[in-house]
Amino acid sequence: MSIAVTRQQTGRMSTAKTIVGTGIGNAVEWYDWAIYATFTPFIASQLFSKQDPASAVLSTLAIFAVGFVARPFGGFLFGWIGDRVGRKASMTLAVGLASLGSLMIGIAPTFAAVGAWASLMLLVARLVQGLAHGGELPSSQTYLSEMAPKEHRGFWATLIYTSGTVGILFGTLLGAVLNMALTAEAMNAWGWRIPFLLGAAMGLYALIMRSRLHETEAFEGETASQKRAPIWPQIVRYRKQALQVIGLTVGLTVIYYIWGVVAPSYATTALKIDRGEALWAGVVANIVFIAALPVWGRLSDRIGRKKVLWAGAIGSAVFHFPMTWLLKDSAWQLAVSMSVMLVFIAASAAIVPAVYAELFPTSIRTVGVGVPYSICVALFGGTAPYLQQWLGTSLGAPQVFNAYAVLLLVISAAFVFSIPETKGKDLTH
């Protein structure tokens, strides 16, 4: 009896370690990206020339997009590490690199002090973070999917976006608190640096936590010859699955960045909603998102992945225009529109980590997901904030961007037809 109890306790401790180690590292990486979007106005005023504020904001958003250029390289590099050295090693290195990028932004000199060198340092830091984040998602979602019981993999997969949203939520809350506690002068002078320095410290803690994790049984069950098998021939062999990852991701990544990440910042810069009120609206909406994720995850374990993916893509496409029309000039409109959209976005976001992992065999699971996913996010997700700002503010054509987002969601919905139902699949092969 005591032996059984001990084994049960050991299993619970192992599960807790897996959830905490995976979750905190993922949260830190998403936090790093969210605070960049949240603090865009301050970064623009400090690390770029103040002579043309609109151009400075666009330049800051352009560097946000450039950071995504490094993601496919990160997907390949950390994917290779994950499939050859181990999922644990890949996850640990990724969060360490992300922490370094945050530190670089936190200590970057201002444009007034060193001129264009400030902008260059920001660019390098974003490329470093892009490399790390390109490896984080495929590594962590592969690790989590392989550690999860197959009958509950959809529910476990929700940890990726749940922990990531907690990171975003913490960054948003921190922005709201700093906005209330500090004067505009203090925020511009040094207050905006606090979140990046805090991100660097949290990243170091996440690195330590991940170094203590166990490797997955699926990876350890691979033979030495399987781990040494050339990557590129396998990528070519599974090109259909790689295309499916791109197709499923293209709509989700754009609609998520629109409503889940940059909506408060866009509401502030383009719609002139009070910055503090916009941040609090973002907090409310992200809490709704966190609550919706496990509901969709559990539902996918019961009725299958494909039905849930269709609900997410079609629901987001149907409600995007109405929620855009609702959002005009107040924080409550922002809170409602974000919340409605994030409920439907949560359907896809909850389970795509499991779906991606279930499409590939163990020997190429990390890099097979990481490369096409990172390319898709770089081309479409990374450019979404810039396109939204440029088409909406500079050209006065916001409906063009909205039509573009809905079209991509329709494409993702169509790609659901191409994938097999993978609920309950064994990932040890």
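As the structure is a computational prediction, the values presented were derived from the model and not from experiment.
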Are the side chains of F344 and V318 in contact, using a 4.5 Å heavy-atom criterion?
no

Is the closest side-chain heavy-atom distance between W259 and S337 below 4.5 Å?
yes

Taking all heavy atoms of S139 and all of S90, pick out the closest pair and write down the distance.
OG-OG, 2.5 Å

For E136 and A94, indicate whether the former's side chain and the latter's backbone hold a donor-acceptor pair under 3.5 Å.
no

Taking the six-membered ring of F155, is NZ or CZ of R298 closer than 6.0 Å to its centre and within 45° of its axis?
yes

On a heavy-atom basis, the closest approach of A125 and M104 is CB-CB, 3.7 Å

Can you name the closest pair of heavy atoms from R305 and D301 and give their distance?
NH1-OD1, 2.9 Å

Closest heavy-atom contact between V367 and P372?
O-CD, 4.0 Å

Would the W325 and F321 ring centres measure less than 6.0 Å apart?
yes

Spell out, as yes or no, whether a donor-acceptor pair under 3.5 Å connects the side chain of R239 to the backbone of V236.
yes

Any donor-acceptor pair under 3.5 Å from Y31 side chain to P195 backbone:
yes

One thing to verify: whether R153 and E358 come together as a salt bridge, which I'm taking to mean a side-chain N less than 4.0 angstrom from a carboxylate O.
yes

Student check: side-chain heavy atoms of T249 and V352 closer than 4.5 Å
no

Tell me whether T40 contacts the main-chain N or O of Y36 through its side chain, where contact means a donor paired with an acceptor under 3.5 Å.
yes

Within-4.5 Å side-chain heavy-atom neighbours: Y205 and I24
yes

Answer yes or no: is there a donor N or O on one side and an acceptor on the other, between the side chain of E421 and the main chain of K306, under 3.5 Å?
yes

side-chain contact (heavy atoms from CB on, under 4.5 Å) evaluation trace for L327 with I273
CA-CA 10 Å; L327 179 56; I273 295 175; 4.2 Å; yes

Begin with the C-alpha distance, continue with both residues' side-chain angles, and end with the deciding distance and a verdict on side-chain contact (heavy atoms from CB on, under 4.5 Å) for V343 and F289.
CA-CA 6 Å; V343 166; F289 183 59; over 6 Å; no

Evaluate whether atom OH of Y404 has more than 12 neighbouring non-hydrogen atoms of other residues, nucleotides or ligands under 6.0 angstrom away.
yes

From OG (S102) to CG (D32), nearest 0.5 Å
3.0 Å

Taking the ring centre of each residue, are W310 and F417 less than 6.0 Å apart?
yes

Q399, CD: over 12 other non-hydrogen atoms inside 6.0 angstrom
yes

Classify the ring geometry between W30 and H133 as parallel (under 30°), tilted (30 to 60°) or perpendicular (over 60°).
perpendicular

Main-chain N/O of G79 paired with R365 side-chain donor or acceptor, under 3.5 Å
no

CZ-CD1 distance between R193 and I43, expressed to the nearest 0.5 angstrom:
10.0 Å

Value rounded to 0.5 Å, distance of CG in N402 from CE in M323:
12.5 Å

Side chain to side chain donor-acceptor pair (under 3.5 Å) between T165 and N286, worked out
CA-CA 7 Å; T165 306; N286 275 293; 4.8 Å; no

Do the two ring centres, one from Y256 and one from Y161, sit under 6.0 Å apart?
yes

Under 3.5 Å donor-acceptor, Q388 side chain and I258 backbone
no

Using the side chain to side chain donor-acceptor pair (under 3.5 Å) rule, take R237 and Q234 through it: C-alpha gap first, then chi angles, then the decisive distance, then the call.
CA-CA 5 Å; R237 186 184 313 157; Q234 294 189 77; 4.8 Å; no

Do the rings of F39 and F42 sit parallel, tilted or perpendicular, given the 30° and 60° boundaries?
tilted

So K423 and S300, do their side chains get closer than 4.5 Å, heavy atoms only?
no

Between I35 and L174, is there a side-chain heavy-atom distance shorter than 4.5 Å?
no

Is there a donor-acceptor contact under 3.5 Å from the side chain of S145 to the main chain of T142?
no

With rounding to the nearest 0.5 Å, note down the distance linking CZ in F219 to NZ in K88.
12.0 Å

Nearest-0.5 Å distance, CG of residue L127 to CG of residue L131:
8.5 Å

Taking the side chain as everything from C-beta on, heavy atoms only, tell me whether I105 gets closer than 4.5 Å to R126.
yes

N26/L137 under side-chain contact (heavy atoms from CB on, under 4.5 Å): CA gap, chis, key distance, verdict:
CA-CA 8 Å; N26 196 53; L137 268 181; 4.0 Å; yes

side-chain contact (heavy atoms from CB on, under 4.5 Å) between T362 and E146, intermediate numbers included
CA-CA 9 Å; T362 304; E146 290 180 348; 4.1 Å; yes

d(W156 CH2, T22 OG1) to nearest 0.5 Å is 8.5 Å

More than 12 foreign heavy atoms under 6.0 Å from NZ of K307: is that the case here?
no

Heavy atoms only: give me the nearest S412-V250 pair and the separation to one decimal.
OG-CG1, 3.5 Å

Any side-chain heavy atom of F319 within less than 4.5 Å of one from I314?
no

Counting only N and O atoms by type, is there a donor-acceptor contact under 3.5 Å from the side chain of Q244 to the main-chain atoms of F415?
no

Counting distance only, does the side-chain N/O of S374 pair as donor-acceptor with the main-chain N or O of R71 below 3.5 Å?
yes

Of all heavy-atom pairs linking I19 and L159, the shortest is O-CD2, 3.7 Å

